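The structure under discussion appears below in the form of structure tokens.
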Amino acid sequence: MSEEQKKPENRARPTTDELRKFIAEDWAPRHPGATGLSEAARYAAARRDAVSAAFPGERLVIPAGGLKVRSNDTDYVFRPHSAFAHLTGLGGDREPDAVLILEPRDDGTHEAVLYFRPLAGRDTDEFFADARYGEFWVGARPTIEDLETELGLTARHIDEFADAAVKDAGEVTVRLVRDADRDLTRQLDDQRSSETTDQDDLTEADEELAHFLSTLRLTKDEWEVEEMRRAVEATRHGFEAVIAALPEAVGKGRGERWVEGVFGLVARHEGNGVGYDSICAAGDHATTLHWIKNTGDLREGDLILLDAGVERESLFTADITRTLPANGTFTDAQREVYDAVYAAQEAGLAAVRPGNRFSDVHAAAIRVIAEHLHAWGLLPEGVDVEATLDKDHGQYHRRWMVHGTSHHLGIDVHDCALATREEYLDAELRPGMVLTVEPGLYFKADDLKAPERFRGIGVRIEDDVLVTEDGYENLSAAMPRTSAEVEGWIREVQDRRG
Ligand code: GLY
Ligand code: MN
Ligand code: MN
């Protein structure tokens with residue numbers, strides 16, 4: 001349920017019955033808002049079947065979540081909960097306050113029922129007077145028939161949800177995705193608790209469901225892989241728009257914001273938006289891993305680390321980093337750091353194949369990082385590569401690369417977040433997994449252990465890869481990675497765009 005907005009009573013105007021009548025009349029018939037099953041919904045049905053098989057006889061409640069107040073009477077742009085999007089095929093900004101219930105049938109399967117706020121009639125106050133939901137204010141929503149056609153499931157009015165959620169209370173186990181909608185969770189906890197069920201048991205049962213839904217995304221189906229390809233392709237367009245705008249970004253001041261805006265424009269135009277706040281980090285800012293303030297200048301001679309991804313309407317997002325010389329050419333010191341990171345990424349990529357563990361990718365990449373740090377004489381006296389890589393003793397290299405090399409990627413940029421260590425880091429890679437490979441090196445401007453020539457240089461290279469039957473496919477291979485290729489790419493894009 002939505003957080004409450006402040007009503008601007010001081011700006012409200014009285015509405016007479018005569019005006020209501022006048023507004024309600026003389027509208028052309030509505031056209032159906034949906035003409036067939038959406039592509040996303042076709043695949044969502046198979047995912048719901050997998051959930052159904054894991055929880056026979058139980059009622060499963062998966063809310064989209066509600067609108068969240070940004071300030072006063074304005075809301076953040078809505079984004080449905082990832083599990084809801086995955087199981088319905090609804091992405092973009094749809095459908096605030098909706099709840100999916102998988103209702104158990106006697107034969108062990110489930111009926112999928114979507115409770116939502118359908119289009120209000122033109123004879124209602126909501127139609128013209130509700131700034132949060134009304135058609136005059138935020139546009140028309142689907143009807144019940146529209147949503148059933150689009151999603152291939154049963155749809156009902158949200159007003160019927162409360163009774164449906166507690167039907168046969170005490171006889172049927174009800175599990176809920178807790179983090180989608182706080183108010184609804186509180187309400188269902190009250191309704192589910194009894195003398196025999198305590199809150200810890202409820203929470204534990206709910207967490208089992210959340211865990212299952214998160215790990216269901218560890219491998220992607222063919223449609224999801226296609227969505228990832230499209231997200232990556234749109235992201236390449238965004239990077240190329242930024243490359244074309246680099247001279248302007250240098251000239252204008254606050255170049256980081258210019259870069260953020262240019263990438264954001266492409267993301268909004270080609271997709272739903274950015275999959276996470278873009279990291280547009282020039283010069284020393286690149287040594288801050290999640291630099292999203294983007295307040296800095298981009299100076300001639302700087303590197304700019306751009307870590308950004310376009311999210312599709314389906315909510316699948318790319319997550320790609322390129323570190324680009326603002327003037328098109330790396331300095332010797334920048335190139336030295338860049339090439340070390342590139343070598344580490346190559347080693348990480350080579351470790352992506354079924355049978356290898358997820359953590360083998362990081363192990364391969366970080367070894368190359370450690371080798372370079374050792375060769376540069378940056379590890380403590382007497383500490384060699386093996387010693388720093390030793391889990392229990394060394395790890396000195398982490399001063400310059402403190403993050404991991406890979407994470408799962410999909411509807412969430414850090415996808416499958418509830419998988420256990422055994423299912424994630426320690427698990428074997430399987431075909432259909434999509435992950436990032438993103439080593440980096442970060443030498444802060446005030447790092448007195450770093451060679452002077454490296455101070456203020458941060459480099460990360462990040463690609464999105466699909467695990468295949470015998471290795472991997474780099475989904476972002478069309479975006480150049482070596483230092484020489486990056487320079488050629490900048491020349492080519494800037495020439496092409498004049
Ligand atoms: N963009 C955040 C990350 O690379 O994980
Ligand atoms: Mn990233
Ligand atoms: Mn990443």
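Order of appearance sets the numbers: ligands from 1, and atoms from 1 within every ligand. Side chains included, hydrogens not; waters and symmetry mates left out as well; all remaining heavy atoms used. Computed from a predicted model, the values in this text were never measured in an experiment.
Protein N/O/S atoms closer than 2.8 Å to the Mn ion (ligand 2), listed by chain and residue number, are Asp307 OD1, Asp307 OD2, Asp319 OD1, Glu462 OE1.
A side chain to side chain contact (heavy atoms under 4.5 Å, CB included) with Leu114 is found for exactly one of Thr88, Ile101, Val99, namely Thr88.
For the pair Arg182 and Glu3, the salt-bridge criterion is met [side-chain N within less than 4.0 Å of a carboxylate O]. By the 4.0 Å N-to-carboxylate-O rule, Arg496 lies close enough to Glu492 to be salt-bridged with it. With respect to Arg236 and Glu240, a salt bridge is recorded, a charged nitrogen being found less than 4.0 Å from a carboxylate O. Salt bridge absent: Asp332 and Arg453 never bring a charged side-chain N and a carboxylate O closer than 4.0 Å.
Using a 3.5 Å distance cut-off with no hydrogens or angles, the side chains of Asp412 and Ser82 do pair a donor with an acceptor. A donor-acceptor contact closer than 3.5 angstrom links the side chains of Asp463 and Ser476. Side chains of Thr203 and Asp206: a donor-acceptor N/O pair is absent below 3.5 angstrom, by distance only.
At least one N/O/S atom of His407, from backbone or side chain, sits under 2.8 Å from the Mn ion (ligand 3).
The aromatic rings of Phe443 and Phe454 are tilted relative to each other, their planes meeting at an angle between 30° and 60°.
Aromatic ring centres of Tyr276 and His414 lie farther apart than the 6.0 Å criterion allows.
For ligand 1, residues of the protein lying within 4.0 angstrom by heavy-atom distance are Tyr276, His290, Asp307, Asp319, His407, His414, Glu438, Glu462.
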